Amino acid sequence: MVTPILSQRASACKEAGPCKIEVSQRIQEHPMRTSQFFFTTLKEAPADAEVISQKMMLRAGYIKRAAAGIYTWMPLGLRVLRKVENIVREEMNNAGALELLMPAVQPFELWEESGRGPAYGPELLRFKDRHQRDFVIGPTHEEVITDVVRRDVKSYRQLPIHLYQIQSKFRDEIRPRFGVMRGREFLMKDGYSFHASFDDLKREYSNMYETYGRIFTRLGLKFRAVAADTGSIGGTGSHEFHVLADSGEDDIAYCPTSDYAANIELAEAIAPTTPRGAASQALSKVATPGKAACADVAEFLGVPLEKIVKSIAVMSEKEDGSKVFALLLLRGDHELNEIKAGKIAAITPFRFATEGEVEEFLGCKPGYIGPATADRSKVLVIADRSVAAMSDFVCGANEAGFHLTGVNFGRDVAEPEVADLRNVVAGDPSPDGLGSLDILRGIEVGHIFQLRTKYAEALNCAFLDEQGKSQIMEMGCYGIGVSRIVGAAIEQGNDDKGIILPPAIAPFEVCIVPMGYFKSDAVKAAADQLYADLKRTGVDVVLDDRNERPGVMFADMELIGIPHRIVIGERGLKEAQFEYKGRTDAEATMVAQSEILDLIRGKLCAG
RNA sequence: CGGAGUGUAGCUCAGCCUGGUAGAGCACUGCGUUCGGGACGCAGGGGUCGCAAGUUCGAAUCCUGUCACUCCGACCA
């Protein structure tokens with residue numbers, strides 16, 4: 001049990017007295033000695049492990065793979081998972097949310113009722129029971145919770161209510177990868193709040209925003225809250241919480257000199273402040289044989305990439321059967337943001353045009369297409385804001401092997417529609433006008449949404465207000481990827497020796513490594529005594545009492561990520577000294593035996 | 001879904017082309033030496049070579065099928 005140890009921390013630090021919480025000796029004693037604990041470390045990670053956290057977790061014996069994206073949490077890894085879970089639980093409780101546990105298996109009817117069944121697609125794992133009734137393994141629980149609440153909550157007097165659970169979920173990902181960071185089965189904290197008014201939802205949303213900040217701070221992780229796209233789940237306001245790590249899957253645009261932070265999918269690229277320059281070059285057609293890519297053209301012509309306009313051909317097939325062919329214009333060094341493009345009404349929904357369609361509308365194969373000679377009665381031209389401010393630029397001539405130079409809007413090309421089409425890049429001005437943007441990589445570990453009435457309406461989750469009138473409830477939903485946090489923490493903390501975890505979530509806080517436990521009575525006595533003393537004061541300590549060579553013990557304790565190490569050897573004992581080394585310290589330091597408890601307490605209380 | 005690749009001991013991999021009694025390192029067991037940075041010696045245990053059918057006197061090896069796993073993948077003009 002990990003809970004008592006964590007909750008003991010405060011009292012243990014204040015009064016170094018005996019532990020006041022009774023715990024089973026067997027549970028407490030046995031697993032805290034490596035000889036009694038079940039853990040297996042590997043020198044080499046399995047070949048199919050891709051990312052560092054996955055390799056480390058497998059090598060350290062935190063997890064074992066059972067199938068693609070499905071893992072067993074071994075005792076050592078489970079300690080970490082439980083510590084994360086308990087911090088999340090404590091902070092949720094402190095914030096006024098109530099824990100419940102919903103079933104992993106859900107009747108499919110609820111998904112039909114919300115209309116999300118078909119939309120969720122093959123990621124939703126379905127099966128039939130023996131009576132041929134349809135069930136799903138829950139990838140999320142909006143339907144179930146809304147069903148629970150609509151049955152029992154009838155009055156505004158019962159609102160607001162915030163219920164959460166920490167439960168295994170299953171999403172049948174097309175390509176599960178990165179170990180527990182993108183598994184199919186994973187542990188998630190999901191909370192749902194119900195309100196009588198939008199204002200009250202906003203209040204709780206803000207409460208959760210603060211709570212999430214406290215959770216990730218307590219976990220000891222570097223993180224950032226960012227404004228997010230609401231995506232398929234729907235709703236209005238939304239923030240993601242990202243653990244910062246170079247290996248993250250998401251790009252976050254943030255402003256170091258202000259509060260601005262947004263997922264790159266959402267971050268606005270504001271229009272250049274400098275107006276378009278006057279045309280100074282004559283339009284001319286130049287041969288660029290074999291130079292289809294922007295970078296090649298720029299190099300071939302000896303012009304900067306920023307003077308090239310690339311044209312991306314897209315096709316939009318409307319529900320009424322009509323088709324729109326469009327060219328999206330971007331500066332050569334910019335990237336299309338498909339989320340932004342997808343929001344432009346004229347081309348919603350869009351897909352990239354096929355080679356055949358490009359030829360049909362432009363009379364030219366891809367590689368040399370451009371807006372200048374396009375028939376604007378058939379081709380919609382939408383320019384990114386940065387392109388709209390360009391003059392004397394280069395673009396494809398709609399003739400294989402040729403580009404145009406000195407192209408100018410107004411003179412050579414009709415003015416285009418203008419939109420924000422691109423991903424922001426480092427150095428772009430921040431949309432709040434308070435500095436310039438930088439890009440960071442992040443791993444999404446939390447997400448909060450204002451769902452509003454989307455599910456409540458579909459499932460008719462209503463209450464009677466003060467006037468006795470029936471109203472649909474306002475909903476918020478708040479998720480934290482508990483198992484993903486373990487992976488993310490290791491992505492953030494590791495070195496060539498292994499895992500480096502913040503003490504709050506490390507499998508053990510302190511390890512005692514005796515030199516010659518079975519050879520020297522003095523060492524054994526000192527190690528046992530220190531172990532008992534630390535244990536008594538509530539420290540989560542493990543004693544490495546395996547009859548292993550020192551190198552093996554050091555390597556293992558470092559690999560599994562224990563933040564503090566105390567080495568006890570005859571050499572030091574003669575001077576009444578132990579050796580202390582923090583996991584990330586360069587050198588060990590000698591500490592008087594009599595001061596070791598205070599030292600450890602100090603380190604742990606400091607975080 | 002399309003393309004590519006890989007399945008041999010718990011882990012990393014060799015053997016396959018050129019068919020002939022299944023190998024190495026790590027891990028594991030026993031004994032001995034050693035032991036303050038992943039020790040060494042000796043002796044062991046462990047694999048129906050993913051599965052199925054086929055060719056052959058004989059298949060890990062060749063053929064076919066199948067399953068599993070991994071990687072890549074629209075466009076970026």
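If you're wondering where the values come from, they're calculated on a predicted model, not measured in any experiment. Sequence lines set the chain letters: A, B, ... in the order given, protein chains first and strands last, and positions in each chain run from 1.
- The ring of A:Y71 has its center no closer than 6.0 angstrom to the ring center of A:Y62.
- Look at the P atom in both B:A53 and B:U66: the space between them is 15 Å, to the nearest Å.
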What protein N or O atoms touch nucleotides 22-31 of chain B N or O atoms at under 3.5 angstrom, if any, and at what distances?
none

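- For A:P46, the side-chain atoms get nearest to B:U12 when compared with the rest of B:G36, B:U12, B:G37.
- Heavy atoms of A:G569 sit under 4.0 angstrom from at least one base atom.
- Between A:R549 and B:A39, a side-chain N or O to OP1/OP2 separation shorter than 4.0 Å is present.
- At the heavy-atom level, A:R422 lies nowhere under 4.0 Å from the strands shown.
- Atom name P, nucleotides B:A24 and B:G15: the rounded distance is 15 Å, in whole Å.
- Within a 6.0 Å radius of CD in A:E50, more than 12 heavy atoms belonging to other residues, nucleotides or ligands are found.
- Residue whose closest nucleotide on RNA chain B sits further toward the 5' end, between A:L42 and A:G332: A:L42.
- Taking the P atom of each, B:G36 and B:G25 are spaced 27 Å apart, rounded to whole Å.
- Map A:Y368 and A:K497 each onto its nearest nucleotide of RNA chain B; the residue landing nearer the 5' end is A:K497.
- Looking at heavy-atom distances under 4.0 Å, A:L336 makes no contact with the nucleic acid at all.
- What separates CG of A:D545 from P of B:C35 is a distance of 21 Å, to the nearest Å.
- Spacing of P atoms, B:U61 relative to B:U18, comes out at 14 Å, to the nearest Å.
- Pair check for B:A77 finds none; no Watson-Crick or G-U wobble contact set falls under 3.5 Å.
- Nucleotide B:C40: paired with B:G32 (Watson-Crick or G-U wobble, both distances less than 3.5 Å).
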Begin with the C-alpha distance, continue with both residues' side-chain angles, and end with the deciding distance and a verdict on side chain to side chain donor-acceptor pair (under 3.5 Å) for A:S483 and A:K169. CA-CA 11 Å; A:S483 46; A:K169 310 272 187 183; over 6 Å; no
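- With B:U70, B:G38, B:C76 as the candidates, the nucleotide lying closest to the side chain of A:L559 is B:G38.
- Of all nucleotides present, only B:U12 satisfies the Watson-Crick or G-U wobble test against B:A24, with each distance under 3.5 Å.
- For B:G37, the base has a donor-acceptor partner in the side chain of A:R565 [N/O atoms by modelled type, under 3.5 angstrom].
- No more than 12 heavy atoms of other residues, nucleotides or ligands shown are found within 6.0 angstrom of CD on A:E299.
- Partner assigned to B:A68 is B:U6, using Watson-Crick or G-U wobble distances below 3.5 angstrom.
- As rounded to whole Å, 6 Å separates atom C1' of B:C69 from atom CZ of A:R65.
- Atom P of nucleotide B:G10 and atom CD1 of A:I63 are separated by 19 Å, given to the nearest angstrom.
- For the side chain to side chain contact (heavy atoms under 4.5 Å, CB included) with A:D384, the lone residue among A:D420, A:N337, A:L329 that qualifies is A:D420.
- Taking atom P on both B:C49 and B:A59, the two are 11 Å apart, rounded to the nearest angstrom.
- For A:V552, taking side-chain heavy atoms from C-beta onward, the closest of the listed nucleotides B:A39, B:A77, B:G36 is B:A39.
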